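Here is the structure we will look at.
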Amino acid sequence: MTRLAQLQSWVDQVAALTQCDSVHWCTGTEEENRELIQQQLKTGGLIELNQETHPGCYLHRSDPADVARVEQLTFVCTSNKEDAGRNNNWMEPSAARARMNELFSGCMQGRTLYVIPYCMGPIDSPLSRCGVEITDSPYVVVNMRLMTRMGNPALRRIEKEGRFVRGLHSIGTLDPERRFIMHFPESLEIQSFGSGYGGNALLGKKCHALRIASHQARSEGWLAEHMLILGVENPQGEVHYIAAAFPSACGKTNLAMLIPPASYPGWKVWTIGDDICWMRLGDDGRFWAINPEAGFFGVAPGTSQETNANAMAMLHKDTIFTNVGLTADNQPWWEGKDSNRPVTDWQGRPYDPSKGPAAHPNSRFTVSSSRCPSYSEKAEASEGVPISAIIFGGRRERLVPLVLESKSWGHGVLLGAAMASETTAAATGAVGTVRRDPMAMLPFCGYNFADYWTHWLSFGQRPDQLPKIFHVNWFRKDTDHSFMWPGFGENMRVLDWIIQRCSGKAAAVETAIGMVPDQSSLNLEGLGIPTATLQALLEVNTKDWLAEMANISDYLDSYGSRTPAALMEQCHRVTADLS
Ligand code: GTP
Ligand code: SPV
Ligand code: MN
């Protein structure tokens, strides 16, 4: 129940449409959470893990045909098709509503309808935004409780503001043929049907905090980005904040929780967020950023003591695992975790390597940010943190150097717009194909990319205060197909160079595509990387880059007359400098 009439009447309307059995208003309390878990243990929606080694931890097995975001079934329904842009699937709003009404009609018979009021961002921050998700999935409720500030405090803010994003979700019958994720950014609405998985179902995350928020941010003059936020503290106690955009499953969580190697005594990396960043220009001309989320929905495979000890430290307690394998003593297990052996795979079958991995490649953990040893108290600051550098990056086996610095804000926007990356298991479809993924926002930008680039360029007014823009690539491979750069904690060396560049210290060499480190300016102490490998990692091959620039130019041009001329000019300048 709420005293906000428009919220109450929407809930009543949805209850009537879906013919749910009962309505439950989520309060977010411990007790409510315990009850929801108990109930799911009974229905099999959750499976208890070893409570001695993993107190408060549970496993969820999703439907085997519902394990990732579904980009081909995700739509942005603006009244004008051009406003959604060719980066989005589009459906005319009234046709989309009719389609969804049909699907939602009677879909909650025999089920409870949960009303989840949530706040994206610190509850008292002017940068935060609220929403209400209606769902018939108790799994969604317990995940939203970890991922957002959910329950009574959020409801109080919603009642005060009277403005919130309306998210309607039902798992339906999980039939992939009856699955749609619809966005109506003009009326702040989301309707998601037929999937219980992550980004399709936890509507505060990609649907609200990126697709709806990016649309809203454009009209209100801020940015909603697929970026981690971290703070690097040097031995003198100074902290520089960095926001970094990498596509799904390309290293945001890992970078956000980086532990500096032994050659960086006294240095510390603080985690603010691992997936989403909302930022706005402050009166001081700097970008101030918040993490709208309150938890991590992280990729399990590859997470280990060696690669991400901070993540491992938080996953022993109060964590929900989705689609991982199990050991004989009921502990969660995934490829790359440790030397334990799985006995059960993610589908609950006896583990048989010939049938594939024990954990699904997009298996995930959900855990509260407060469990992360490197979580920064600044993540709760209502004003956010000031950003010194923005990093774009992709998964590129070839061509793209380890690190590049842009020559100006406009050139930095080109580095972002020209991003490309190999596809991963985070979305259904082929894995490993290189595709353009501007600013890591291809699946998440709630409006036409051409307008989005114009919006990015519009911030270039006070370049003295703006963050510097960089591009990184941790994923170069040699002819043996092994990674050339050690990555993970060693990425600290690149962060160090970036911060030094921000304070005008480290040396760089100017190339046509951007500034690259002078070999002596990267700290490689204790790394033992061969000089030839380093040279290859920093090389700019003119012939290959001319081909890349031609491809980028065609791509940007494919957005038509809305593509900003200033962006095309940046592209032509780089091509001319290469020639
Ligand atoms: P989403 O949650 O899907 O947005 O993903 P993410 O960007 O947070 O990716 P994450 O940090 O979870 O990393 C995904 C995969 O990339 C994991 O299997 C990691 O082990 C691997 N990875 C992360 N950082 C590095 C790195 O520096 N080098 C290499 N080689 N692999 C990395
Ligand atoms: C991603 O795919 O970028 C994720 C996971 O962070 S999901 O919540 O499924 O979008
Ligand atoms: Mn993500």
Side-chain angles (χ1 to χ4, degrees), residues 62 66-71 74 140 143-144 146-148 181 192 195-211 225-230 244-259 271 273-277 293 295-308 310-312 322-323 334-337 357 359-366 391-397 402-403 421-429 431 437 440-444 472-477 481-495:
S62 72
D66 184 29
V67 292
R69 285 181 293 100
V70 281
E71 296 180 0
T74 302
V140 165
N143 275 273
M144 284 291 282
L146 293 169
M147 295 304 296
T148 71
I181 325 294
S192 166
S195 166
Y197 195 84
N200 302 329
L202 310 177
L203 301 188
K205 195 172 178 60
K206 296 305 169 44
C207 300
H208 177 165
L210 288 179
R211 297 193 193 96
E225 299 297 325
H226 191 203
M227 291 179 176
L228 68 93
I229 310 167
L230 60 76
F246 309 152
S248 302
C250 289
K252 290 183 299 301
T253 303
N254 278 272
L255 191 66
M257 295 175 196
L258 182 148
I259 295 176
T271 308
D274 82 325
D275 200 48
I276 302 180
C277 163
E293 301 192 282
F296 308 114
F297 184 63
V299 176
T303 308
S304 72
Q305 206 54 42
E306 289 67 46
T307 59
N308 192 345
N310 279 323
M312 292 305 281
T322 300
N323 294 336
W334 50 83
E335 276 63 24
K337 184 178 183 232
H360 187 275
N362 192 37
S363 55
R364 300 257 168 179
F365 52 79
T366 320
I391 307 179
F392 295 116
R395 193 181 272 272
R396 295 292 295 269
E397 198 170 317
L402 177 64
V403 57
S421 197
E422 293 156 25
T423 49
T424 64
T428 55
V431 168
D437 188 351
M441 285 287 277
L442 179 62
F444 308 121
V472 302
N473 177 22
W474 314 141
F475 299 95
R476 277 287 287 278
K477 287 184 179 169
H481 297 287
S482 35
F483 290 114
M484 292 162 70
W485 177 251
F488 301 102
E490 305 299 348
N491 293 333
M492 179 66 210
R493 300 165 191 278
V494 175
L495 295 184

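Scope of the values below: all heavy atoms of this structure, side chains included, with no hydrogens, waters or symmetry mates. Whatever order the structure lists ligands and atoms in, that order sets their numbers, starting from 1. Quick caveat: nothing in here was measured; it's all calculated off a predicted structure. Numbers for residues simply follow the sequence, beginning at 1.
Scanning all protein heavy atoms for the shortest distance to atom 9 (O) of ligand 2 gives Gly199 N, 2.9 Å. Remark: minimum distance from atom 2 (O) of ligand 1 to any protein heavy atom is reached at Arg364 NH1, 2.7 Å. For atom 24 (N) of ligand 1, the closest heavy atom belonging to the protein is Phe488 CE2, 3.5 Å. Among all protein heavy atoms, the one lying closest to atom 4 (O) of ligand 1 is Lys252 NZ, 2.8 Å. Nearest protein heavy-atom neighbour of atom 1 (C) of ligand 2: Lys206 NZ, 2.8 Å. The protein heavy-atom contact nearest to atom 16 (O) of ligand 1 is Arg395 NH2, 3.2 Å. Among all non-hydrogen protein atoms, the one lying nearest atom 9 (O) of ligand 1 is Gly251 N, 2.9 Å. Residue, atom and distance of the protein heavy atom nearest to atom 19 (C) of ligand 1 are Asn254 ND2, 3.7 Å.
Residue Asp275 approaches ligand 1 through these ligand atoms, each under 4.0 Å from one of its heavy atoms: 4 (O). Heavy-atom contacts of Lys205 reach the following atoms of ligand 2: 6 (O), 8 (O) (cutoff under 4.0 Å). Residue Phe483 approaches ligand 1 through these ligand atoms, each under 4.0 Å from one of its heavy atoms: 30 (N). For ligand 2, the atoms lying closer than 4.0 Å to a non-hydrogen atom of Ala426 are 2 (O). Listed by number with element, the atoms of ligand 1 under 4.0 angstrom from any heavy atom of His226 are 4 (O).
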Next item on the list: Under the side-chain hydrogen bond (donor to acceptor under 3.5 Å, both in side chains) rule, what do Ser195 and Asp66 come out as? Steps first, then yes or no, please.
Entry: CA-CA 6 Å; Ser195 166; Asp66 184 29; 2.6 Å; yes

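Atoms CD1 and CD1, on Ile229 and Ile276 in that order, are 10.0 Å from each other to the nearest 0.5 Å. The line from NZ of Lys205 to CG of Leu210 is 8.0 Å long, rounded to the nearest 0.5 Å.
For the pair Arg69 and ligand 2, the shortest N or O to N or O distance falls below 3.5 Å. For a threshold of 3.5 Å applied to N or O pairs, the pair formed by Ser248 and ligand 2 contains at least one separation below that value. Distances between N or O atoms of Lys206 and those of ligand 1 include no value under 3.5 Å.
Ligand 1 has at least one atom lying under 4.0 Å from a heavy atom of Asn491. At least one heavy atom of Pro247 sits under 4.0 Å from some atom of ligand 1. In this structure, Arg364 counts as a contact residue of ligand 2, since one of its heavy atoms falls inside 4.0 Å of the ligand.
For atom 17 (C) of ligand 1, the nearest non-hydrogen atom from the set Pro361, Ala427, Pro301 comes from Pro301. Distances from atom 1 (P) of ligand 1 to the heavy atoms of Ala440, Ala249, Ser482 show the closest one on Ala249.
For the residue pair Thr366 / Asn143, a side-chain donor-acceptor distance below 3.5 Å is found, with atom types taken as modelled. Between the side chains of Thr74 and Arg211, not a single donor N or O lies within less than 3.5 Å of an accepting N or O. Defined by atom type and a distance below 3.5 Å, a donor-acceptor pair is missing between the side-chain atoms of Asn323 and Ser363.
Of all the heavy atoms of Phe246, none lies under 4.0 Å from any atom of ligand 2, so neither backbone nor side chain is involved. The proximity of Cys250 to ligand 1, defined as any non-hydrogen pair under 4.0 Å, is limited to the backbone. With a heavy-atom cut-off of 4.0 Å, Leu202 does not touch ligand 2 at all. Heavy atoms of Thr424 found under 4.0 angstrom from ligand 1: none, in either backbone or side chain. Counting heavy atoms closer than 4.0 Å to ligand 1, residue Trp485 contributes nothing at all.
For the pair Phe488 and Glu306, the minimum side-chain heavy-atom distance is 4.5 Å or more. No side-chain heavy atom of Leu230 sits less than 4.5 Å from a side-chain heavy atom of Leu258.
Smallest separation of non-hydrogen atoms from Asn362 and Ala425: CB-O, 3.3 Å.
Phe246 does not carry Lys252 over the face of its six-membered ring by the limits of under 6.0 Å from the centre and within 45° of the normal.
Taking 2.8 Å as the limit, the number of protein N, O or S atoms around the Mn ion (ligand 3) is 3.
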